[in-house]
Amino acid sequence: MAATGEPILRVRDLVKHFPLRHGPLRAQVGLIKAVDGVSFDLGRGETLGVVGESGCGKSTLARLLLGLERPTSGSVTVGGGEITRARGGELKRLRRNIQMIMQDPYASLNPRMTVGDIVGEPYEIHRDAVPKGDRRRRVRELLEIVGLNPDHADRYPHQFSGGQRRRVGIARGLALQPEIIVCDEPVSSLDVSIRAQIVNLLGRLQDELGLSYVFIAHDLSVVRHISDRVGVMYLGKLVELGGDGEIYGHPAHPYTQALLSAVPVPDPEGRERRRRIILQGDPPSPITPPSGCRFRTRCWKARDVCAEREPPLRALSGTGHAGACHFAEPREAPPPA
Amino acid sequence: MWKTPAPASPAGRPPGGGPLLAVENLHVEFVTRRGVVRAVNGVDCALNAGETLAVLGESGSGKTVTAQAIMGILDTPPARVTRGTIRLRGTDLLGLREEDRSRIRGSRIAMIFQDALSALNPVFTVGAQIGEMFRVHRGLSRRDAERRAVELMDRVRIPDARRRVHDYPHRFSGGMRQRVMIAMAIALDPEVLIADEPTTALDVTVQAQIMELLSELRRESGMGLILITHDLGVVADAADRVAVMYGGRIVENAPVHDIYRAPAHPYTKGLLESIPRAGGKGRALRAVEGSSPDPMAMPSGCVFHPRCSYRQDDCAAGEPPLHPIGPFRGSACHYWREVLHGSHG
């Protein structure tokens with residue numbers, strides 16, 4: 001679904017630094033720059049995929065979007081209200097509109113609660129959302145929407161399979177009828193055959209309920225399938241942002257190019273001829289990121305200027321494709337995954 | 001039974017009559033309080049020198065238990081091998097005394113795991129752990145063992161090996177730990193290396209580094225590689241042959257190009273169709289409906305029949321054997337012709 005009109009979510013210069021403490025007195029010895037200047041808009045009904053490797057800051061970004069974490073600086077505006085500054089009742093009201101689907105259903109579903117109570121739990125906090133007498137009916141509806149049997153509302157999480165538990169988590173995320181859902185690795189650790197069921201469910205819910213998604217995942221083929229636009233994160237920064245065709249078809253940032261070329265293609269045909277950019281080493285620490293461009297220590301295009309000046313995220317075309325590289329140039333992508 | 005092809009890779013030791021490793025009719029059970037779980041139910045497979053055999057399956061399919069049985073590291077009890085043979089160059093490993101078995105383990109068959117951090121001992125330096133292989137199996141002195149450890153760390157391309165040999169596992173990143181584990185596994189030049197989800201916990205750029213390293217080591221040494229994974233991309237990239245497991249059985253095996261071009265089992269076909277592909281954007285994925293079978297209550301007949309779109313009445317009755325369907329190919333489906341020729345489903 002394409003974006004229309006005013007953005008429903010607006011993120012500006014978002015920064016989150018965690019203090020790094022050490023020793024018996026917990027003295028602050030440094031800063032972990034988990035998110036370090038991220039800006040983007042999310043349109044109504046749009047899906048923005050966010051990809052990046054572990055430690056790039058994508059999960060911290062999710063927590064900031066939901067107001068679960070206060071940013072060091074910058075702002076997150078949800079449907080007109082600034083969630084990063086809101087307190088009390090105002091924060092509660094804004095949060096109702098942006099909900100999260102968690103990665104690990106084992107950790108995020110209380111094993112002692114029935115599935116019906118888990119799905120209806122948001123109503124205990126937002127008491128005015130649904131009148132008390134209607135809650136049971138509403139929970140049954142939610143279970144049905146996500147493809148679970150409403151008669152199983154009295155069962156416990158362990159009585160469900162991994163894929164079904166994901167559905168429970170999705171139903172809970174929908175309980176307050178949010179317009180925005182932040183999905184943090186919603187299909188990781190699921191078997192391939194189950195993963196497709198959940199991806200289809202998320203697509204169907206978007207069509208039926210007009211949801212906007214921020215879809216955070218490391219699985220690049222799933223992100224491509226579901227996203228309208230994709231942002232690529234590296235060490236706390238967005239290094240490239242663009243339409244899915246631009247990112248996957250003509251990636252401009254060397255990191256995006258390397259990331260895409262590293263994804264194994266599920267087709268052995270022509271594998272001997274495939275060219276692959278193998279990056280050396282691991283990402284540097286977010287405590288002491290490299291000066292200038294953060295990717296320069298692993299980049300084959302790096303020159304002196306890359307250590308001196310940090311490349312801003314600049315427009316590469318009139319269509320909103322942007323890259324943060326002094327030498328960004330759209331390149332033909334490796335064969336499609 | 002399905003026959004073993006000639007080595008797919010020219011590298012490696014001559015096959016010398018039979019396959020390097022041959023597993024026949026392997027059955028493994030777990031005795032639990034709730035009853036007996038039949039985790040592996042008649043697995044046949046073979047591996048040639050220099051070849052990569054991918055064992056593809058989802059969680060609970062029995063792929064890891066099969067690997068543990070080959071390696072001889074099943075937790076016994078509760079697990080036990082109830083039937084079958086595992087032959088390494090003709091010698092049945094299951095018939096050996098534990099003493100002889102443990103001599104083979106590590107020296108002729110080695111294994112690497114998904115979670116390198118828990119497989120390494122946190123209180124010993126990596127050098128001591130790699131060196132231990134030489135001290136235990138080869139009787140080297142501490143100093144010689146450390147020298148060999150440094151060589152191996154160089155070989156798996158851990159930078160600055162001479163200094164890092166004295167570091168503890170937690171000082172290494174996930175990718176570097178996996179390299180340490182690979183160094184330990186190849187220390188004694190094994191003939192068979194089993195890699196159980198070696199890159200599942202790693203980021204994609206690091207995964208590419210590790211897969212490249214494994215295939216390079218295999219080419220140089222001519223060892224046979226059993227790659228256990230759920231990742232259809234990794235299989236397509238690295239495997240010569242593929243065995244697809246479901247519910248404790250091999251439901252299809254084939255050379256890698258054949259299986260991706262035209263799968264002959266409905267489960268394999270379903271897996272391949274459920275991957276998102278570039279052209280299919282905006283359309284629903286073709287998911288395999290339902291979920292994996294409960295190991296305590298396996299379906300009768302064909303284990304896949306409750307989820308199968310090719311199902312006929314006889315599928316619940318008789319368990320289909322692995323039909324030979326072409327050169328080095330087998331499918332455990334009564335209706336493999338329909339699947340292979342795509343006449344429905």
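This is a predicted model, so every value here is computed, not measured. In what follows, chains are A, B, ... by sequence order, proteins preceding strands, each numbered from 1.
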For residues 194-205 of chain A, tabulate all N or O donor-acceptor pairs below 3.5 Å that involve a side-chain atom, not counting sequence neighbours.
residue: A:R195; atom: NH1; partner: A:D219; partner atom: OD2; Å: 2.8
residue: A:Q197; atom: OE1; partner: A:R167; partner atom: NH2; Å: 3.4
residue: A:Q197; atom: NE2; partner: B:V288; partner atom: O; Å: 2.6
residue: A:Q197; atom: NE2; partner: B:G290; partner atom: O; Å: 3.1
residue: A:N200; atom: OD1; partner: B:L285; partner atom: N; Å: 2.6
residue: A:N200; atom: ND2; partner: A:A196; partner atom: O; Å: 3.4
residue: A:N200; atom: ND2; partner: B:L285; partner atom: O; Å: 2.6
residue: A:R204; atom: NH1; partner: A:E208; partner atom: OE1; Å: 3.3
residue: A:R204; atom: NH1; partner: A:E208; partner atom: OE2; Å: 3.3
residue: A:R204; atom: NH2; partner: A:I145; partner atom: O; Å: 2.8

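For the options B:G175, B:G270, B:A239, heavy-atom pairs under 4.5 Å to chain A are most numerous at B:A239. Chain B forms more heavy-atom pairs under 4.5 Å with one residue of A:R298, A:R276, A:E272, A:H218 than with any other, namely A:R276.
Of all residues spanning residues 196-203 of chain B, those with a heavy atom less than 4.5 Å away from chain A's heavy atoms are B:D203, arranged by number.
When the side-chain hydrogen bond (donor to acceptor under 3.5 Å, both in side chains) test is applied to A:R273, no partner is found at least two apart in sequence or on another chain. Residues meeting the side-chain hydrogen bond (donor to acceptor under 3.5 Å, both in side chains) test with B:R162, sequence neighbours left out: none.
The shortest side-chain heavy-atom distance between A:Q164 and B:S291 does not fall under the 4.5 Å cut-off.
The parts of B:E289 that come within reach of chain A are both its backbone and its side chain, each placing non-hydrogen atoms under 4.5 angstrom from that chain.
Between the side chain of B:D237 and the backbone N or O of A:R271, no donor-acceptor pair lies under 3.5 Å. One N or O on the side chain of B:E58 and one on the backbone of A:S193 form a donor-acceptor pair closer than 3.5 Å. Side-chain atoms of A:H225 come within 3.5 Å of backbone N or O of B:R283 as a donor-acceptor pair.
Put simply, CD1 on A:I278 and CD1 on B:I210 are 10.5 Å apart, with the number rounded to the nearest 0.5 Å.
The shortest heavy-atom contact between B:V204 and A:E53 is N-OE2, 3.6 Å. What you find for A:S221 and B:P276 is that their closest heavy atoms are O-CB, 3.6 Å.
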